[in-house]
Structure formats: C-alpha cells, structure tokens
There are 2 protein chains.
Amino acid sequence: MRAKLSDVAAAAGVSTSTVSLVLNDRARRIPAATREKVRRAAAEVGYSPNALARSLRTRRTRTVGLLSDRIATTPYAGRLLSGAQDVALSNDHLVVLVNTDGDREIEVDAVATLASHQVDAMIYAAMWHRLVPVPEGLPPGTVFLDCRPEGGGFPAVVPDDERGGRAATEVLLASGHRRIAYIDADEEDLPIASGLRLAGYRAALLEAGITPDPALHVRAEVNAAGGRSALGRLIALPPRQRPTGIFCFNDRIASGVYSAAHRAGLEIPRDLSVVGYDDQQLIAAELDPPLTTVALPHEAMGRWATEVALGIREIEKDGEIHRMECPVVLRSSVGPPLTSITPASDGPTATPSGRTGATTEAVPGWQPGSEEGTP
Amino acid sequence: MRAKLSDVAAAAGVSTSTVSLVLNDRARRIPAATREKVRRAAAEVGYSPNALARSLRTRRTRTVGLLSDRIATTPYAGRLLSGAQDVALSNDHLVVLVNTDGDREIEVDAVATLASHQVDAMIYAAMWHRLVPVPEGLPPGTVFLDCRPEGGGFPAVVPDDERGGRAATEVLLASGHRRIAYIDADEEDLPIASGLRLAGYRAALLEAGITPDPALHVRAEVNAAGGRSALGRLIALPPRQRPTGIFCFNDRIASGVYSAAHRAGLEIPRDLSVVGYDDQQLIAAELDPPLTTVALPHEAMGRWATEVALGIREIEKDGEIHRMECPVVLRSSVGPPLTSITPASDGPTATPSGRTGATTEAVPGWQPGSEEGTP
DNA sequence: GTGAAAGCGCTAACAA
DNA sequence: TTGTTAGCGCTTTCAC
C-alpha cells in the first residue's frame, strides 16, 4: 500500500498534524528544521497524499464537472474543453467529463453522479449555441457554456453571433461590395445563431445605407452540398441582382460555394468574395484561397465558463448571459467587387473567363450583379 | 448540508448499516418490508451518497484518468474521448481528463494528481500514432491509446496503418489501376503512420505483381497546399509515368489533390481516382465527389483502451500492442482508370476537357500515364 | 435480521 | 512549537 501521512510522521518522528501542516504549507509557526525533516521523510517513504481523504475532510474536491451534450461529432469540442481544462488545471482543479450524447436520462444521472462525487463546480456545455432545458437537479451556480438555459437563472456564455454576422458583412462592405448575399442555415436546430447572424447582416447593410434584398437571403443545408446548391440559385438570379460578395452561415457552406464557383468559372476573390463563419481549421485555412471567416471563440468561452464556475471571475448580474466576441479572421477570400475595381492588373474588368468543358453547369455569361448583362 | 446515511437511518428508524446494505443491494437477508421502508426514507430526505466517503472506505473511486497530449488541435480527440467515455459510463465510471499539451512537466504532475485522486485506471492517449516516452510515475497497467510506450511494458492500442495502407491501395487496384501514386507525409513527427502506410502500399502493389515506381512515391506537407503541390509534381511526370490513381497520406492532402486536379481540368474519378486516409468528416464527406478514404478507428480504440484499463477485456500477452483495423470508407472518388474503361457515356475516352482561363497551371495535354501522350 | 463499532487517510480545533 | 483528538460519511465485520 502507498505511504500515508502517519508513515511520514513516524519516519520523521513527529505527529501527523505537524506533517499535514508542513506539507500543506500552513507551517508558518514551525521551524525550518522540522519542516526540512518532514519533507525529507515524506520523500523517503514516497508519500503521496490521498485526495479522497483530504476532500472528505475539507469538503472541497478541487474538481469541476463538465457535462456536455456531445463531444464527438463536432470538431469544436476540443477548444471548448481545452479552454476549460486549462483554467481548471492552472487553478489546481481536475475536470471530470461526462458526455451525455444529448440523452436526457443520462444527463440527469450524470448530474447526480457528479454531485455525489462532490465536484466543486459544474459546467453544462452544448456544442453549439442553443437553448437547452435545465436538467433536473442541476446545482445552482452551474455555468452554461455555448448555450442558454431555458428560463434563465444561471450564468451563461455564448458567442455574440449578431455582432459576428455584422462583422462578416462589414468586411464585405469595407471592400466595396453593395450586393451581398447571406446563405443562411436551413436547419430547425440552429435557430439562435442563424437568426442572430441574419440580424447582424441586416443591421450592417442598413447602416451602410443598403436595403437588404430578400432575393439575396437564401437558405441552405449547412454543408458543402448546401453551399453548392445555394450558389447555383444565386447565379441563376438576373445579372443585375447577383451578389458580388457572399456571407455564409458557416465554413462548410462556404467550401461548397468555393467548389461551385470554381466549376462555374468564377475565381475567388476576383469574381466573387466569400466570408464564412466558424473558422474551422480543416476548412477555412485549407481552402484555396484561404477563407476569411468569423471565428467562434470556443477556447475563450471555455475559459470564461470555468473561471465563473470556479469563482475566479466575478459576474455582474446573476443569471445574465455573457456574449463573447467572435473575431474576424482575415484571409484571402475577399477582394473588391469587379465593378468597382480600377482596371485590374491581370485582365479586363468585365466578363471573367468562361471555361469550356466544365462538368457541371457553366455560367459563361456570369457577371457581377451591378454590371448590366452583356448584350 | 445534504442528507447523509445517518439521516436516512434516523428517518427509517434503523441503523446505518441496514441502510447501507439496502441501498447497495447487498440486502439479501433483509426483509422486503425493511427495504421498502429504507428506500422510502431515503427518497424522503433526499439522500444522495457521498462518493468520497464511500471510496475512502472501499478503495475504489470508479473513475478513470485520461491523460492526453493534446485534445484541442485535432478533430480526432472527440471520437477517442467519446469511445472511452462511453465504456466508462456504461461501467459506472467517470472519466477525469487531463490535457498536458505535450508538456512533460505537466504530465508528471498530472500523473501524480490523478494517482492522488485514486483513479482506478489510467489511460495515456496521444492524438496520433506515435512513440511516446513513459511519464515518470505512471502506474503499471496504464493503457496507451493511439501511441506506443517507449520500451514497452504497457498494453497499447494503435491503428493498423500498414493494413490500412494496403487496403487503400487495394481499392485502387481493384478498380483496375496499375499506376498508383502515394503522396506520403513529409513530416518528421509522423514516422510510424507514414512508414506503415507506405509499407502497406508497397505490399499491395507487389502482391498485384506491380513493382513500386519510386517516382510515384512523393512527399508533401500534410495539408491541402501539400496535396496541391504534390499533384503538380505528379502531373509534371512524363505522360507514361503519370498515375491514374493516388493514395494520399491523409484527407487534407487529398483535398489539395482535388482542387489542383480541378484546376488542371481533371475530373475525379473519371480522370483520376483518389483515396485518402483519416475519414475526416469535414473533408472526406464534403468533397465533391465524396472521398473514398480509410477511417482511423478512434472510437474503437478509445473503447478498447478503456475496456482493458477497467479490466473488462482480457489481453493476451502483457505489454503487447493491439492493432486496430482501419476500415475503408467507400465513397465516390475511385473509378476505373480512363485507359481501361469502355467508351464513356459522356464523351470520348481520351483527352479530358482542358479549360481555358484557368487561373493556375492548366495541363491541357494531361492524360493518364499508360496512354502515350498525344503527339 | 439488525446494530455497534471500527476505521479508510486526512485536517483542524484545542491542549499542552 | 507540537501533539491529541475528534470527526468528514461511508462500509463491513462481528455480535446479538
């Protein structure tokens, strides 16, 4: 069996309380000589404290329970966890992870289990911004991460999707675009982010004196195929209505836009500027050209949640939700619109090269919207 | 404070031992009436057991420590964790996660912390198949997940990369390809997977009576840009040497091959067949056409490791490493080579359409290798 | 069948 | 300055 406190005490020839005091650095009144002696003895017998016994006594386990709906399916999980883990570790806490797969029953069980393990704090994380029912028995003070508790009453941190949508749109506006499309999510379960980003998009447009054109707000499945088909619909618009820049609900859609654009003979960003959302490394950084996108602040949210849970960070009003800024990641998928550009360095402003033999629908006559179609 | 065992005992009018017996289902000799009474009392006072106290007594915490080098940077983390978590949970265990970011010092600390928290089992996970130094103080019996301990002596589970490389190549062979390239990793820190997959590739070729052509083994950075440049080099080969099928070290490289191929006017799989590795959802499933690839069995490895750690699964020889099969995921990026195909339905067999106006290097004269170049 | 009592390893009053 | 002592909440042998 492992050495325990009394073994150290015996070896050092002192009492267990002295050992405890010394080893916990509460030994202000104990002479250096004794301290040394104790330390040496501890090392000698290979003492390793039993956190269980300590916690039973102190009523603090130095653990935080992290309950999450699903961690496997989404590549975000990592950053969320790593933010949380980081804060926890640097504050001497361990994180106990429970993945519920969204199963309500497992969830309630897990809350109970975590509680019975006496975690000092609890975090409830979702893998995307949504409204979640509060699991039965959830201890007060539990922090909601990337989701909002139905009915409120708990601190929560979520991405500021509205500001993100606005920022994405503003990138396009700043480059001179006026006809900006938004390829929105077509899903039932992303209502929060979708609505907020849309609101940000509209607000940015309005602020720039542009009336949002309903034809430029299209919906798509949140994947590459959705992006491809949405771009098809945008391309099918009458020339004057076509967008010169597109803000996509997420990077997956953007990647679909890329491939459909390439097939249609459009070059990004020369013929079309694209902004995504999420900053998924595997997509955004790897596309050619690399995608300008809005990053979801998963790491920062994970940190915030843990800090609040651990009581390191004060929150203003109780139960208020904290909106975390989504920073824009500037890469190379946005450029000035063709029409407003000064004679380009690498060719005529009008009529980008069509291609022959493109496998899918080529759009030889494609031109940016505000340029009246060639006769 | 929360209700404890003695509260239940008081409420039920029995002793704590009786309550303990009943609540732990060890109450064989206790009449149903008493059991009912105890259960009712427990519910009434809202009893919730204190796992700490129990564990202190029983010397079992029902927790497993999961130590990993990094969980944030890679999208694999999720499946690894979820496999582990799943097995743990269904065996009534909690997983305590520590992310060390590859920092040796944190690692040693974490081992100690986990040990002091008396975890029943420990797993050491890497985020990709590699050889890792064994952290000081690691308890015997610790299971290595997706990595191999230097010097052995611990059970370990890793992907069977050689068989995976072989399987990938065989998919291409089965479709009739004879000139198959392997775009290998160019990195120093992926020696195991890289070498094994190469060996599998070679073995498959040899078995099919094909002598591996060194010119078809190229190296690339393990990302899209690497894939693009590697395809460029392959395209630059003399026509008769060009491959008709490519096996890529990973999906990121494959996605680069896709985009470079499209730019070069090559259609997948008509002009070129591609097989990836990793089965990264964000890439493989989203490419157009969807990528045939070899899946890394992260979930299965996570399960295996946890089962072994928990003693649910017997292992044969101690310290032996278990190779987990990497299943091929058939999608649509592989077809027969152009040369062996019967006259195609949608055009002539020879000379795939070149494109005008392609932004990067177009290869109008491209043809599959075994077809002698057009004059 | 049920209860009393000991003790898991530690901390923290309080005494000395 | 150090030691004694009493638990933290639970399980488990052993008496009754």
Side-chain angles (χ1 to χ4, degrees), chain A residues 1-39 41-42 45-63 92 112-120, chain B residues 1-39 41-42 45-63 92 112-120:
Chain A
M1 199 68 0
R2 304 172 38 174
K4 48 195 191 187
L5 208 57
S6 59
D7 297 332
V8 181
V14 297
S15 77
T16 60
S17 9
T18 304
V19 178
S20 174
L21 254 20
V22 171
L23 263 25
N24 289 311
D25 277 330
R26 264 191 256 295
R28 310 193 338 153
R29 332 174 286 184
I30 291 174
T34 312
R35 283 194 284 218
E36 241 338 283
K37 195 170 52 176
V38 169
R39 293 239 161 71
V45 302
Y47 173 68
S48 146
N50 183 326
L52 253 35
R54 187 210 305 266
S55 295
L56 184 58
R57 195 61 243 250
T58 60
R59 315 178 138 276
R60 302 208 49 204
T61 53
R62 309 196 77 81
T63 57
D92 251 334
T113 308
L114 252 14
S116 107
H117 279 259
Q118 318 292 121
V119 294
D120 294 338
Chain B
M1 201 68 1
R2 305 171 37 175
K4 48 195 190 185
L5 208 56
S6 59
D7 297 332
V8 181
V14 295
S15 76
T16 59
S17 4
T18 304
V19 177
S20 174
L21 256 19
V22 171
L23 262 25
N24 288 313
D25 277 329
R26 264 189 255 294
R28 310 190 340 151
R29 332 173 285 184
I30 290 175
T34 311
R35 283 194 285 218
E36 242 337 284
K37 195 170 52 177
V38 169
R39 293 239 160 72
V45 303
Y47 173 69
S48 146
N50 183 327
L52 254 36
R54 183 210 306 263
S55 295
L56 184 58
R57 196 61 242 258
T58 58
R59 312 176 143 279
R60 302 207 48 203
T61 53
R62 311 197 76 80
T63 56
D92 250 334
T113 307
L114 251 15
S116 106
H117 279 260
Q118 318 291 120
V119 293
D120 294 337

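The sequence lines fix the lettering, A, B, ..., with proteins before strands; numbering per chain opens at 1.
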**Message:** Give me the atom names and distance for the closest heavy-atom approach of Leu56(A) to Ala53(B).
**Reply:** CD1-CB, 3.8 Å
**Request:** When you get a sec, tell me which of dG9(C), dG9(D), dT11(D) is the closest nucleotide to the side chain of Asn50(B)?
**Result:** dG9(D)
**Fill in**
Of the listed dG1(C), dG9(C), dT2(D), the closest approach to the Pro31(A) side chain comes from dT2(D)
Can you measure [X] atom [atom1] to [N] atom [atom2] for me and round it to whole angstrom units?
| X | N | atom1 | atom2 | result |
| --- | --- | --- | --- | --- |
| Leu23(A) | dC10(C) | CG | C1' | 12 Å |
| Leu56(A) | dG7(C) | CG | P | 17 Å |
| Leu21(B) | dG9(D) | CG | P | 21 Å |
| Asn24(A) | dA12(C) | CG | P | 8 Å |
| Ile30(A) | dG3(D) | CD1 | C1' | 11 Å |
| Arg26(B) | dG1(C) | CZ | C1' | 17 Å |
| Leu52(A) | dG7(D) | CG | P | 21 Å |
| Lys4(A) | dT11(C) | NZ | P | 14 Å |

How is [X] classified with respect to the nucleic acid when contacts are heavy atoms under 4.0 Å: base, sugar-phosphate, or nothing?
| X | value |
| --- | --- |
| Thr34(B) | sugar-phosphate |
| Arg60(A) | nothing |
| Ser17(A) | base |
| Ser20(B) | base |

Side chains of [X] and [Y], heavy atoms from C-beta outward: is any pair under 4.5 Å?
| X | Y | answer |
| --- | --- | --- |
| Thr63(B) | His117(B) | no |
| Arg54(A) | Asn24(A) | yes |
| Leu21(A) | Val38(A) | no |

**Message:** Both Val14(B) and Arg57(B) contact DNA chain C. Taking the nearest nucleotide for each, which residue is further toward the 5' end?
**Reply:** Val14(B)
**Asked** Does Ala53(B) or Lys37(B) map to a spot on DNA chain C nearer the 5' end, using the closest nucleotide for each?
**Response** Lys37(B)
**Message:** Counting only side-chain nitrogens and oxygens, does Arg54(B) get under 4.0 Å of the OP1 or OP2 atom of dC8(C)?
**Reply:** no
**Message:** If you assign each of Ser15(A) and Leu5(B) to its closest nucleotide in DNA chain D, which residue comes earlier from the 5' end?
**Reply:** Ser15(A)
**Prompt:** Is a donor-acceptor pair below 3.5 Å formed from side chain Thr58(A) to base dA12(C), judging by atom type as modelled?
**Reply:** no
**Request:** Please report the C-alpha distance between Tyr47(B) and Val19(B) in whole Å, then the side-chain angles of each, then the deciding distance to 0.1 Å, and finally whether the side-chain contact (heavy atoms from CB on, under 4.5 Å) criterion is met.
**Result:** CA-CA 11 Å; Tyr47(B) 173 69; Val19(B) 177; 5.8 Å; no
